[in-house]
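Working notes for the structure below.
The analysis underlying the following values was restricted to heavy atoms, covering all of them including side chains, and did not include hydrogens, waters or symmetry mates. Every chain is numbered from 1 and lettered A, B, ... according to where its sequence line falls, protein lines coming before strand lines. If you're wondering where the values come from, they're calculated on a predicted model, not measured in any experiment.
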Amino acid sequence: MATDDYHYNETVLAHIADPHNTGFIEDTDCIGTGTNPACGDEVTLYLEFDGNIVADAKMEVLGCGAITAAMSAVTDLVRGKTVDELLEVTPEVITGSLGGLPKHKRHCARLAQRVIQSAVKNRSSNQ
Amino acid sequence: MATDDYHYNETVLAHIADPHNTGFIEDTDCIGTGTNPACGDEVTLYLEFDGNIVADAKMEVLGCGAITAAMSAVTDLVRGKTVDELLEVTPEVITGSLGGLPKHKRHCARLAQRVIQSAVKNRSSNQ
Amino acid sequence: MTRDPVYMDHNASTPVRPEVAEAINRHLGPAFGNPNSIHRFGRQARAAVEEAREHAASLIGAASPEEIIFTSGGTESDNWALRGAISAVEGRGHIVTSAIEHPAVLDTCQLLEKSGVEVTYINPDQKGLVSVGEVAAAIRPDTRIVSIMWANNEVGTVQPIEKIGALCRERGVLFHTDAVQAAGKLSIDVNSARVDLLSASGHKINAAKGVGFLYIRNGVHIDPIITGGGQERNLRSGTENVPSIAGLGEACRIAKKEQPFESREIASLRDKMENEICERIPDVVINGDPGNRLPGTSNLGFLGAEGETLLIRLDLEGFAVSTGSACSSGSTEPSHVLLAMGLPKNAVQGSLRISLGWGSTEDDVNRLLEVLPKAVERVRSIAPRARTASGS
Amino acid sequence: MTRDPVYMDHNASTPVRPEVAEAINRHLGPAFGNPNSIHRFGRQARAAVEEAREHAASLIGAASPEEIIFTSGGTESDNWALRGAISAVEGRGHIVTSAIEHPAVLDTCQLLEKSGVEVTYINPDQKGLVSVGEVAAAIRPDTRIVSIMWANNEVGTVQPIEKIGALCRERGVLFHTDAVQAAGKLSIDVNSARVDLLSASGHKINAAKGVGFLYIRNGVHIDPIITGGGQERNLRSGTENVPSIAGLGEACRIAKKEQPFESREIASLRDKMENEICERIPDVVINGDPGNRLPGTSNLGFLGAEGETLLIRLDLEGFAVSTGSACSSGSTEPSHVLLAMGLPKNAVQGSLRISLGWGSTEDDVNRLLEVLPKAVERVRSIAPRARTASGS
Ligand SMILES: Cc1ncc(COP(=O)(O)O)c(C=O)c1O
Ligand SMILES: Cc1ncc(COP(=O)(O)O)c(C=O)c1O
């Protein structure tokens, strides 16, 4: 098929229509947040650890389709990962797991990564 | 039908495809000529009088469709007319007898009229 | 069992009427000639173009078909009106426009500003209405042109065009109106409205994309922006898009005949839909001016939801709607129209445009009503505030 | 018994191939969406546009589909290349072009002159060929762009594009070529020819009127001339003409595949026709460069006849030909191309362009050969010189 740098692909569309792991986790201190002032996006990520390993992840998003898809993908990606491994979840990894994002939406993957880092930082600072 | 200021109408097209009274008249002194330097048109009109009345008319044209049609029409229009009546064959009369000319070709009717006048003048000057 | 998707995005583009497709196909077939050719193929094409011009003139009440010049669409028409008006006079000049114009006007104004033209952008009120008084106050001695759209593409608000037209006439200023969304949906008369320049686009009135026209009142002079072969009375060069022009003519002919009836039907379908939505779904606001809108346009704010996510959920359920204008696919910014209207952030973020038109049915609306409440609920549940909200 | 008229004016416009009409109709039917809409109707339209872009890129050997920007036709492409290149730099600048360009280039240059741009118009030789040396000599330090057409629309002469391209690259000057007549008829490779900007038009390659493209080499910057919604990577705003673009893509795909074969066929048909005409009719000259022409183009001077009159006579007999370019229907002046080539007045006045293309048959040619000698004789007999000529 012809290249399409304008539209969401089917994977992204499926994430947006039915984002994974929406909601929140009570009693966790591992919470990351992020905003994108230009679009008005607001994002929260909740991680629950079992020892050093992410056991559960949930997210809330009020933002465009791309950030919704990115956060949905993140909640899948982080499961089973150690804190060190979490730092390896780069924007490229997130975009890759979505099969790509339109050019003008790639910043959403960067926001999603910052939210992971924010969560990790909040946890560490409380340990 | 919609107005069409761009194309020749059917009457004009018929004149162009088969112009009337082409050729020349030998032994007449009533010859009018005209040129249009911009287009390169060259026109000659031959009139033969029976007393004060035009008995025959012929024309030669090397020029665009519009001047060909105008001259063709003129050779019909002038027949049976007196010299005075010839002066009443205005560009409007010529254009009218063709059912109209495209706007940018109306100057051809003016050239045709000048050729009639030129013929009349040449005759008068020889009488 | 998959049902046909339901198209509810008529302000973005419209389906082509079969009569229009037929007219187009005539000139994709044996009547393919160049209208500037002298021979019969040319004459046949020319006749079609001139017939279309008459239908277009008739749709907007132009005094003469000569006042209609075909273009490649609404965007070119808007560009031409503004760029052509500015370039036709000495000095840089001043433009008065509104902050809720289509980007074809707004971006062009912003670019003209870079070359020294001054522009006043008038903000509308909360309903999207531009005040005639503010236009009057903005006109200066060096104002070359006032450009106010007839109706807005996102919220549908209809502007007081007749009053602005009278004002501009009185003040001796050119008046352009972008009627891309209004033509064929509202009754338009360029003479009673005293419009000098009017833009229209084929694909908003059930004709093809890539064709439109600019009405230029007899006696008004603007410079051409595309020059060359001298087509369109030397005002818009380029071989005429005969098939699309023939189709546009047919669409204008049909619109002229059916507009009053169709508009009433569509408006009542839209009103029914809005009433039901507001009844079945909490926290919905209607954006725009409910009493003064394009017949098929409904712009709704679903507070606490995000528009694009809702749009995509609806898309996967088989409904095509939009979050605002479809013209700037790259845009991630919130609607400049809703922002200029001063709406609160959550109404802007949660806004969805549902636009009905030719072919929309009660069944479409009923199917949407089945699906929309759950979709809104689901999308709202994703948002951070869900935690503190009453329900979940 | 009336037979179908015979179309021999393919340089003015071409019939639409059935595959192209089919592609167009797909997007006049259910796939009518706006390619900038997010929903499935939009995605479907977008995919068609991007596929067409790939076919267009492939036809001219572009390195990337991104280098193809769709426009409303050849005239807009030419305008854009020149106006956009001039506007993109400070200062007024200088253009080098030829005296035999299409009016889309020539008139635009003349208008740019009015705003202070300087233009050098190079005269071709008697065959219509532009000298590379003269282009080299015309380039100045402030030359912004050289614009030389790939092949001429009236006489078909093919220019030394590769050499001009190499020259411009060496001198650091932008090189634009109007390939409206060449695309699909000659093999084109923008990279070996070192072309920076190339114009093409749909209706010259069996696609629709009102669509075309401008190739813009990656890294080359020109200003947009139509602004707004930000379509086409912000270079050409306006809702994309999806049906016509899809059709153009299909036409490019077919042309790429069939061009070498079809061009050979058409050229041999044209040569046969010319030979027969010159054998059967006295005082005929071939205008242009017989050894270096577009395959279907034949421009003949029937000395002592007048072209338009001959054209109309042929039209009534069922043959569509032209006297030169079809673009300027209003024009009464003799061909600027033939004049610039320095042809004698009678060759200019008596010139007729017969252009063959896809769908032309041997039978068409045979039918013409039956009719043409008498038609020429009749038209010659009208002229004043008939009296002194030998025959009548
Ligand atoms: C109000 C308005 N103006 C202009 C345009 C641009 O017209 P087009 O899509 O024909 O370029 C549109 C639609 O996109 C519109 O809604
Ligand atoms: C050489 C050349 N350039 C430009 C054009 C203009 O293209 P269009 O007809 O698409 O406006 C034409 C044809 O008319 C042409 O032959």
- Counting only heavy atoms not in D/Glu274, do more than 12 fall under 6.0 Å of its CD? yes

- Message: If I measure from the heavy atoms of chain D, does B/Ala69 come under 4.5 Å with its side chain, its backbone, both, or neither?
- Response: neither

- Excluding sequence neighbours, so at least two apart, what forms side chain to side chain contact (heavy atoms under 4.5 Å, CB included) with B/Glu10? B/Leu13, C/Arg43

- Could you tell me which of D/Val348, D/Ile312, D/Leu311 has the largest number of non-hydrogen atom pairs under 4.5 Å with chain B? D/Ile312

- Among B/Thr33, B/Asn36, B/Asp18, B/Val43, residue most engaged with chain D (heavy-atom pairs, under 4.5 Å): B/Asp18

- Counting only heavy atoms not in B/Asp50, do more than 12 sit closer than 6.0 Å to its CG atom? no

- How many angstroms lie between atom CD of B/Glu42 and atom CD of D/Gln349, to the nearest 0.5 angstrom? 6.5 Å

- Message: Within the supplied structure, the quantity of interest is the number of heavy atoms (other residues, nucleotides, ligands) at a distance under 6.0 Å from B/Lys81 NZ; does it exceed 12?
- Response: yes

- Item | Identified side-chain contact (heavy atoms from CB on, under 4.5 Å) partner of D/Ile382 from the options B/Ile16, B/Thr22, B/Leu62 | B/Thr22

